[in-house]
Engineer: 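Structure incoming, see below.
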Protein chains: 2
Amino acid sequence: MEEQLERRTLDTQTADLLRNQIISGKLGAGERLTEVQIADQFQLSRGTIRSALQELKKEGLVDQLPYRGWAVSELTIRDAFELQSLRSALEALAAKLVAQTIDDTKKKRLNAAFSQLCLKAKSSNAREAAVADYDLHFCTVQLSGHKHLFDMYKLMGGQVQRYIYEANMLVENGDELIAQHAPIIDAIASGDAKKSEQLAYEHNEKEGHKLVDCLEGALIKRATKR
Amino acid sequence: MEEQLERRTLDTQTADLLRNQIISGKLGAGERLTEVQIADQFQLSRGTIRSALQELKKEGLVDQLPYRGWAVSELTIRDAFELQSLRSALEALAAKLVAQTIDDTKKKRLNAAFSQLCLKAKSSNAREAAVADYDLHFCTVQLSGHKHLFDMYKLMGGQVQRYIYEANMLVENGDELIAQHAPIIDAIASGDAKKSEQLAYEHNEKEGHKLVDCLEGALIKRATKR
DNA sequence: GCTTAGTTAATTGATAACAATATAGCTGAC
DNA sequence: GTCAGCTATATTGTTATCAATTAACTAAGC
């Protein structure tokens, strides 16, 4: 067991804080941010804040307006669609890789994440179910052992969680959510790489269309409000 | 016509310079870098260099060693394999999207890139052919109109070009290179999304295995030299 | 009234200085 | 001789300051 103790620099800590505020909507889309304002708020220097904002820029959560400041990025329907199609491609690859290297440890972790999803899907609110859904896919990416894939997935994680948070009404039917994921998990656990890949890809593709429909209602108001 | 005039900040310019040096091998894997040394070399301040290095860190070209410095990242066979499989997934998605939205303008740009590949494959050295290969795929990603996909592809571009540069002997046979790509281009131009996706994916998967074999020879020496 | 040049306030771009940390080499007890 | 602890040095982490740029405002000229 590695006692990693994780020394975290101030800029990464601030990035984490701001990221959470954006994902949770506390900082709304389009909201303007200035380096000095955040620096005052956190009692840190501008350089540190600047570094944190640059991190979030890479993740697509804020836009940099040269010499004018920063703004929380807008989450358009197009963005959500694009992110969903990227998830499809990446998660399908992950599913294939996990199936190819499945063992007891991985089965255990996979089942744990799936159980959590079942729990949340049945008893809890839609948003928590959506988060459990994301966690399950995150788990497969982790288990794939593909470092570059994992890094990429994390990089888009903020934006994905953001539209998940926004579109929590996506999951109307918990049982359906479970039914959709069960065959994927089965395929991975049985080591059928081809099938795992195919199912994971199709699942996300289908969800993509539903997502766009769903977000249209939630976002169209804000889009016109500019 | 937009006269974009592209104002570039110093940190991005330095990042570009360093990136090229790493891709071309002028800065070799494992080489140590210090902020002050680079700052002196370019007559810039440490803050600017720091920002540039952080950019390259995101692209996976340098590693940050807390309180100890920076180092050009090692390019392992595992890395090359992972990057190749990621390319497969992303380029397959791109091929599908381009096929779905193909028009005369896109056909023209695609054919131009393909012609360039044919030219380099026949007359020129292997490295230039490999670069033209990369440019062709870059072109499809661009034409897909998928902004997030494009950003991600660019983000891994540095590392990909790096192993392309390293493994220039990969292309032994120019005609084969052309023959491999022709059906993909045809499928895209004819608007067959499903087929485009399938062919692009398979092409890269196959190349992946060849790549690993090829790199094993080139990298194994350096790996033991540590 | 409309345009245009100049002015000012706000904000980042870039630099320089200070603080914290990790590594390596030295010293001395055992 | 070896190893724990100390110290010096190199290097980054963080802060503070100066410079450059933008955008909004103002007023003069037509």
Engineer: Please name all residues satisfying side-chain contact (heavy atoms from CB on, under 4.5 Å) with S24(A), sequence neighbours left out, ordered by chain then number.
Structural biologist: K26(A), Y165(A)

Engineer: For K107(B), what residues pass the side-chain hydrogen bond (donor to acceptor under 3.5 Å, both in side chains) criterion, not counting sequence neighbours?
Structural biologist: none

Engineer: Thinking salt bridges, do D103(A) and K106(A) make one under a 4.0 Å N-O criterion?
Structural biologist: no

Engineer: Please enumerate all residues that pass side-chain hydrogen bond (donor to acceptor under 3.5 Å, both in side chains) together with S51(A), with sequence neighbours excluded.
Structural biologist: D11(A)

Engineer: Over how many whole Å does the gap from I49(A) atom CD1 to dG13(C) atom C1' extend?
Structural biologist: 17 Å

Engineer: Can you list the residues that meet the side-chain hydrogen bond (donor to acceptor under 3.5 Å, both in side chains) rule with Q159(B), with sequence neighbours excluded?
Structural biologist: H148(A)

Engineer: Show me the pairs that pass salt bridge (Lys or Arg N to Asp or Glu O under 4.0 Å) and involve residues 78-96 of chain B, at least two apart or across chains.
Structural biologist: E205(A)-K96(B), R78(B)-E82(B), R87(B)-E91(B)

Engineer: Going by salt bridge (Lys or Arg N to Asp or Glu O under 4.0 Å), name the pairs with one or both residues in residues 40-49 of chain A, residues two or more places apart or in two chains.
Structural biologist: E35(A)-R46(A)

Engineer: Using the side-chain hydrogen bond (donor to acceptor under 3.5 Å, both in side chains) criterion, which residues pair with R109(B)? Sequence neighbours excluded.
Structural biologist: Q142(B)

Engineer: Would you give a per-nucleotide map of nucleotides 7-14 of chain D, 5' to 3', where B means the base has a protein non-hydrogen atom under 4.0 Å away, S means only the sugar-phosphate does, and - means neither?
Structural biologist: ----SBBB

Engineer: Contacts to DNA chain C from residues 55-63 of chain B, heavy-atom cutoff under 4.0 Å, which residues?
Structural biologist: none

